[in-house]
Asker: 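Have a look at this one before I ask anything.
Please read these numbers as outputs of a predicted model, since none were measured by experiment. Every chain is numbered from 1 and lettered A, B, ... according to where its sequence line falls, protein lines coming before strand lines. Because only heavy atoms are used, hydrogens play no part in the values below, and waters and symmetry mates are left out as well, while side chains stay in.
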Protein chains: 2
Amino acid sequence: MQDRCYPLTNRKKDEKLRDVTRRMIMDRTARLLVKKGYGATSLRDIAQACDMKAGSLYYHFDGKDALVEAIMAKGVTQVETAVRAALEDLAAGDPLDRIRTAMKVHLHTLHDRSDYGSAHIRCFAHVPPEIRRRLRDMRASYEESWTTLLQDARTAGAIAAEVDLHTLKFAVIGMMNWTLEWRLPSDATPDDIADQFFRIAFEGARHG
Amino acid sequence: MQDRCYPLTNRKKDEKLRDVTRRMIMDRTARLLVKKGYGATSLRDIAQACDMKAGSLYYHFDGKDALVEAIMAKGVTQVETAVRAALEDLAAGDPLDRIRTAMKVHLHTLHDRSDYGSAHIRCFAHVPPEIRRRLRDMRASYEESWTTLLQDARTAGAIAAEVDLHTLKFAVIGMMNWTLEWRLPSDATPDDIADQFFRIAFEGARHG
DNA sequence: TTTTATATCTAACGATCGTTATAAAACTAA
DNA sequence: TTAGTTTTATAACGATCGTTAGATATAAAA
């Protein structure tokens, strides 16, 4: 048997060894997906990164597509869960504060939590159609949180009438997700970037 | 010999038949790259879309990577050329007007001109490293146009002091490029979206 | 028409792909 | 230890990949 230091070190209590290995495979596959993309990431690449052989992966997953879908689905739920949890703590807060918080959590989860979110964004367009369809539904569910956020802000009179909420939603999500294409300045935290993005999108780059 | 209606219909004067075929191959390959990604687009897929056989493509291109790089490079130059040309016509104009125009041209070229820009954006992260490095240099050259645009606006006092220009640049480019992930509402033109994006990023969603 | 240049096809090469059936190893519990 | 369960390795399958060399067909020039 091979190296098992990974499963044993960061193991949560009551977590079966089987699940730990599953997560290890997903972690390392996600990194490969971010780096090389869906089509160019082979099961043999994945197996090597996991100190295993390709055939052994089938004990944990039904195949490449099932593995990839599990990772990409987790990418959405991670972000969605984190954002919803943060918003519950601000249930009665100022609508714009809630938006700023959501931006911080979204960016933080994307950059510092794992590679699942990045893998999702990077590979979404090129994954098999059936998988893409299911993932699209998950995305839509998450984006509804943003629709609600922005509608609340409008109701509170915090968003100008001429601004289309649908466009604003995609602008905000777009600028955040595009940060994956950056070489992030080493001194800039996701929090700093979120503050700047909020400043730009809601106060406007123009006003002093 | 197969169908030649494509080359003969939209043929520019003084353009060699050889170049017309090259462009036809690039056009159809770009569409495949957008749809399936770099790794999953095979030379046999490409050949079929061109009514050819895979081996025949080597008469026009040195191989898959050379073909893909030509397409992705053209994706940058198309946008860069269009934006620079539009800005020359506004050489002495208001800095914010110049920015709004650049946004319109960028979005229009991306959505209505061809699939080259989309192919670039979709495949950039997953293309072989040497190609990616060269493309990154071309990107950097184009992004300098935006740095200049924003600096001019700041010099004119049109951008608040607390807004970091580097972050603003990526926010604007990010929200524009992310529109490729949209299902564009059939009634919204790139011009409309650019106006909304400008409104959001520079006036702020908040102000009436 | 004959000759030359241009463009495509054919057929195969070795490599690698996702996947599978089966054997072997490692762990657990008695 | 032994017996049973869980996990991984082995080795191969057919399919497809990018690529190449050489034959074939089309177009242009003589």
Asker: Does B:Arg136 make a cation-pi contact with B:Phe124 (under 6.0 Å, within 45 degrees of the axis)?
Answerer: no
Asker: Nearest whole Å is fine: how far is D:dG18 C1' from B:Asp65 CG?
Answerer: 9 Å
Asker: Determine to 10° how strongly the helix from C:dT2-D:dA29 to C:dA30-D:dT1 is bent, judged from the axes of its five-pair ends.
Answerer: 10°
Asker: Got a sec? Which of residues 41-48 of chain A come in under 4.0 Å of DNA chain C, heavy atoms?
Answerer: A:Thr41, A:Ser42, A:Leu43, A:Arg44
Asker: Among residues 29-37 of chain A, which ones have heavy-atom contacts with DNA chain C below 4.0 Å?
Answerer: none
Asker: Select one nucleotide: of D:dT8, C:dC9, D:dT20, the one nearest the side-chain heavy atoms of B:Met52.
Answerer: C:dC9
Asker: On the ring face of A:Tyr142, is A:Arg84 found with NZ or CZ under 6.0 Å from the centre and within 45° of the axis?
Answerer: no
Asker: With salt bridge (Lys or Arg N to Asp or Glu O under 4.0 Å) as the rule and sequence neighbours excluded, what pairs involving residues 62-73 of chain B come up?
Answerer: B:Glu69-B:Arg134
Asker: Can you list, pair by pair, the side-chain donor-acceptor contacts under 3.5 Å of residues 172-181 of chain B, counting residues two or more places apart and other chains?
Answerer:
from	atom 1	to	atom 2	distance (Å)
B:Asn177	OD1	B:His106	NE2	2.9
B:Thr179	OG1	B:His111	NE2	2.8
B:Thr179	OG1	B:Met176	O	2.5

Asker: B:Arg28 and side chain to side chain contact (heavy atoms under 4.5 Å, CB included): which partner among B:Asp115, B:Leu33, B:Asp51?
Answerer: B:Asp51
Asker: Which heavy atom of A:Ser118 sits nearest to which heavy atom of A:Leu110, and what is that distance?
Answerer: OG-O, 3.6 Å
Asker: If you check the B:Lys53 side chain, which of D:dA9, C:dT8, C:dT10 turns out closest?
Answerer: C:dT10
Asker: Applying ring-ring contact (aromatic ring centres under 6.0 Å, His included), can you list everything that pairs with B:Phe170, at least two apart in sequence or on another chain?
Answerer: A:Trp182, B:His166
Asker: Figure out the OH/P separation between B:Tyr59 and C:dA5, and round it to whole Å.
Answerer: 12 Å
